Amino acid sequence: ELNSKDMTCVLKELRDWGEALQFFAWMRNQPGYLPEVFHYNVLFKSLSRAREWNPIQWLMGEMQREGVKRDNVSFSTLISAASRCGQHESALSLFFEMQEEKGLTPDEVTYTAAIRALGKGGKADQALKIYEKMEKDGMRGDGVMYSTLIDLCGKAGKISEAERFFREMGERNVGKNEFVYNAMIDLYAKAGLREEASDILRGMEEEEKRGRGVKVGKITYSILMNLHVRHGEISEAVEIFKMMEKREEEERKTQEIAGSSPQIPIFMDSVAYNTLLFGLKRQKELSAAIALFRGMKEKNLSPS
RNA sequence: GUUGGAAGCCACGCC
């Protein structure tokens, strides 16, 4: 008795891709079932999470057989799926196929997926060319695209290009988000440019004070802890960790006052613990490491 | 239409 939208919903809720495909098989046997692009898109996403490239290829074939046309959602999902599955050449050919054969115009999401896939495939120069072409076609990058570009440039050692994008966001009034700040801090930290990293952090703190929706959060803190750990500055890393604990405690109290009970840590996660544990290991601070590890369980965090 | 894109640690694998 399920309608098509309900089926989309069920497919999405089935976390296990095998179960999702079984349910899909059942759906297709129902009388009057009509194939829908939504169903395929949800399945693509599920298989992408599981990094299962073979069933994705099979589904693309089924889609074609059923005459279901892929849209921008399909292609952006497929491009990032191919990338996650290590199919770099497929990611790129999907991007060209959609334009040349299907006559679709990629939207900003599809462009970002393609740019990120090229970056992950070690082709930063080609990624930047695609961005330039997009600009020539009159499309503008949004905050997500800029964070992707900046991260990609940082990982490819193109610091000045990353800086150019960071400036460009200001010039074009694209709001700077947490991802962009974190990516900038991380790339400066890894390049050993600590002064520059501090400048970005200060800018981020300013934005937080102004209430622009940017928050110095656990990822920023982990990046900074990692910076200190890499320089053998374990006490500085410990200081940051303590600050995270303090902010966690404050947050927990506010939630209690507000009457909500969830005990999900906001400023703490296993990466924060891993970073500090790694630092303590480097310094051969075994007893401190053991104490920290035991503390994880009290915080409802499970070691990975 | 509850369908798509971005940032941090370690380990392993590949170059």
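Quick caveat: nothing in here was measured; it's all calculated off a predicted structure. Quick note on labels: first sequence line is chain A, next is B, and so on, each numbered from 1.
- Contact between the side-chain N/O atoms of A/R116 and the OP1/OP2 oxygens of B/G5 is not found at any separation under 4.0 Å.
- Here A/K155 pairs with A/D151 under the side-chain hydrogen bond (donor to acceptor under 3.5 Å, both in side chains) rule; sequence neighbours left out.
- Phosphate proximity of B/G8 to A/K155: present, with a side-chain N or O under 4.0 Å from OP1 or OP2.
- Scanning atom types as modelled, no donor and acceptor separated by under 3.5 angstrom connect the side chain of A/T77 and the base of B/G5.
- Annotation: side-chain hydrogen bond (donor to acceptor under 3.5 Å, both in side chains) contacts of A/S80 (sequence neighbours excluded): none.
- The base of B/A6 lies outside donor-acceptor range of the side chain of A/T148, with no N or O pair under 3.5 Å.
- Of the side-chain N and O atoms in A/K190, none sit less than 4.0 angstrom from OP1 or OP2 of B/A7.
- In this structure, A/S48 reaches neither bases nor backbone, as no heavy-atom distance under 4.0 Å exists between it and the strands shown.
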| request: Please step through side chain to side chain donor-acceptor pair (under 3.5 Å) for the pair A/Y40 and A/E62, ending with a clear verdict. | output: CA-CA 9 Å; A/Y40 283 98; A/E62 289 301 291; 5.5 Å; no

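- Side-chain nitrogen and oxygen atoms of A/K45 include at least one within less than 4.0 Å of the OP1 or OP2 phosphate oxygen of B/G5.
- Minimum atom distance to the side chain of A/K120 is reached by B/A7, of the listed B/G5, B/C9, B/A7.
- A pairwise comparison of heavy atoms in A/A162 and A/M184 identifies O-SD, 4.2 Å as the closest pair.
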